[in-house]
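Following: one structure in structure tokens, then a few remarks.
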Amino acid sequence: MTESTKMAELVMSNPNLMLTLSRFGIELGFCDHSVKEVCTKAGINPAFFLLVCNIYINQDYIPSENEIQSVDINSILTYLSNSHKYYVEERIPHIELHLERIIKACPNKFGNTINRFFAEYKKEVANHFCYEEFTVFPYINSLASKTIDKQFSIHEFESNHSNIEDKLGDLMSILIKYLPAEIFPKERIEISLDIMDLSSDLRCHTIVEERVLVPFVELLEKQCHEN
């Protein structure tokens, strides 16, 4: 997989990459254009695009220092912000819509539990993203522009970084193990698959932050301190 790889071939051989395209501002209709050509048209750093693709294809992938250094600040922050918007405005509401139908058909003790659990999860996700958008990202921009105006370090973000996909496993347990069998069995399978996809996607998002964003900012901090 290189910048000369045909974009259509890359996506068709790795369908889960389809989830990332809108976050890069890339639209379908690649024809025979290469990754570099498509990324250039979309104003995206091809090296960063391939770096994210590698993580989505293999969650054990660890970027090299050269790959980290190839990242540019605008690409990574725009991608992460677009991802936050995608989760909050598309993926989570999609799951919530299906959950509401199941909740209405449940005995109160199950319906109330699911409703309360998912409301708390949405709040946790919102707080997680707000912290990044209004504390971490502005700090990174100030580092890049050498106008740091607050005491902060990426280590604080790293040490407090939670995996927001973990609690989805608890929701899966409720849907699969404890709800009465007759309550929308087919729809429960469908929503369980959606939750699994979201969990995997969020895990990749977390990996991008931990293995790309954090070391990238550490380099910025090092350069700033040297100057």
Side-chain angles (χ1 to χ4, degrees), residues 1 5 7-26 28 35 44 48-63 67 71 75-99 102 114 117-129 131-133 157-158 160-179 184-215:
M1 180 172 60
T5 301
M7 180 66 87
E9 293 177 2
L10 175 61
V11 173
M12 290 173 68
S13 61
N14 302 280
N16 58 332
L17 296 182
M18 197 84 71
L19 295 172
T20 70
L21 295 180
S22 64
R23 295 173 237 176
F24 281 106
I26 294 175
L28 299 180
V35 167
I44 299 299
F48 175 60
F49 175 79
L50 289 173
L51 180 51
V52 172
C53 287
N54 276 318
I55 289 172
Y56 267 78
I57 292 170
N58 176 16
Q59 294 187 10
D60 293 325
Y61 183 79
I62 299 177
E67 287 176 301
V71 172
S75 290
I76 190 167
L77 293 187
T78 298
Y79 172 79
L80 293 175
S81 291
N82 287 345
S83 295
H84 294 169
K85 184 176 180 180
Y86 168 72
Y87 295 131
V88 171
E89 296 183 4
E90 296 185 42
R91 289 303 294 277
I92 291 177
H94 172 77
I95 289 174
E96 185 174 28
L97 185 64
H98 287 276
L99 273 181
I102 292 173
I114 296 173
F117 182 92
F118 199 70
E120 290 174 355
Y121 180 72
K122 285 200 304 177
K123 183 177 180 180
E124 179 181 336
V125 169
N127 290 338
H128 182 101
F129 291 162
Y131 171 68
E132 294 180 359
E133 294 280 349
F157 166 71
E158 186 177 17
N160 294 305
H161 197 221
S162 59
N163 294 330
I164 53 177
E165 75 275 9
D166 289 348
K167 286 189 177 180
L168 290 174
D170 296 330
L171 180 58
M172 288 279 291
S173 291
I174 296 172
L175 292 171
I176 293 174
K177 295 169 65 175
Y178 300 115
L179 288 191
F184 295 122
K186 292 183 179 179
E187 187 155 346
R188 279 161 61 190
I189 291 174
E190 292 174 1
I191 195 172
S192 294
L193 291 173
D194 283 343
I195 292 170
M196 290 170 66
D197 285 342
L198 174 59
S199 181
S200 178
D201 194 348
L202 284 168
R203 177 57 188 154
C204 289
H205 178 79
T206 298
I207 291 172
V208 170
E209 291 180 331
E210 294 179 346
R211 297 183 193 168
V212 181
L213 179 69
V214 170

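We count residues from 1, following the sequence as given. These figures come from a predicted structure and were not determined experimentally.
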Q.
Assess the residue pair H94 and L198 against the criterion (side-chain contact (heavy atoms from CB on, under 4.5 Å)); give the C-alpha distance rounded to whole Å, side-chain angles, the decisive distance to 0.1 Å, and a yes or no.
A. CA-CA 11 Å; H94 172 77; L198 174 59; over 6 Å; no
Q: List for me each residue that meets salt bridge (charged side-chain N to carboxylate O under 4.0 Å, His left out) alongside R211, sequence neighbours excluded, and say none if there are none.
A: none
**Q.** Set of residues satisfying salt bridge (charged side-chain N to carboxylate O under 4.0 Å, His left out) with respect to E124, sequence neighbours excluded
**A.** K167
[atom1] of [X] to [atom2] of [Y]: how many Å apart, nearest 0.5 Å?
| X | Y | atom1 | atom2 | answer |
| --- | --- | --- | --- | --- |
| E96 | I114 | CD | CD1 | 12.5 Å |
| E209 | I207 | CD | CD1 | 11.0 Å |
| I191 | L99 | CD1 | CG | 3.5 Å |

Q: Check whether more than 12 heavy atoms from other residues, nucleotides or ligands sit under 6.0 Å from atom CE of M1, and answer yes or no.
A: yes
Set of side-chain hydrogen bond (donor to acceptor under 3.5 Å, both in side chains) partners for [X], sequence neighbours left out:
| X | answer |
| --- | --- |
| K85 | none |
| N14 | none |
| Y61 | E67 |

Q | CA sep, side-chain torsions, deciding dist, call: L21, F49, side-chain contact (heavy atoms from CB on, under 4.5 Å) | A | CA-CA 9 Å; L21 295 180; F49 175 79; 4.2 Å; yes
Side chains of [X] and [Y], heavy atoms from C-beta outward: is any pair under 4.5 Å?
| X | Y | result |
| --- | --- | --- |
| L202 | L168 | yes |
| T78 | F24 | no |
| T5 | L50 | no |

Q: Let me see the working for I26 and M7 under side-chain contact (heavy atoms from CB on, under 4.5 Å), right down to the final yes or no.
A: CA-CA 11 Å; I26 294 175; M7 180 66 87; 4.3 Å; yes
So, for [X] and [Y], which heavy atoms are closest and what is the spacing to 0.1 Å?
| X | Y | value |
| --- | --- | --- |
| F48 | S75 | CE2-O, 3.5 Å |
| R188 | I176 | NH2-O, 4.2 Å |
| C53 | L10 | SG-CD2, 4.2 Å |

Q: Walk me through it: do D194 and H98 pass the test side-chain hydrogen bond (donor to acceptor under 3.5 Å, both in side chains)?
A: CA-CA 10 Å; D194 283 343; H98 287 276; 4.9 Å; no
(Q) Can you tell me which residue among T20, L213, L51, L80 is in a side-chain contact (heavy atoms from CB on, under 4.5 Å) with V208? (A) L80
(Q) I55 vs V212, test: side-chain contact (heavy atoms from CB on, under 4.5 Å). Steps then yes/no. (A) CA-CA 10 Å; I55 289 172; V212 181; 3.9 Å; yes
(Q) Restricting to ring pair (Phe, Tyr, Trp, His ring centres under 6.0 Å), what partner residues turn up for H84, sequence neighbours left out? (A) F129, F137, H205
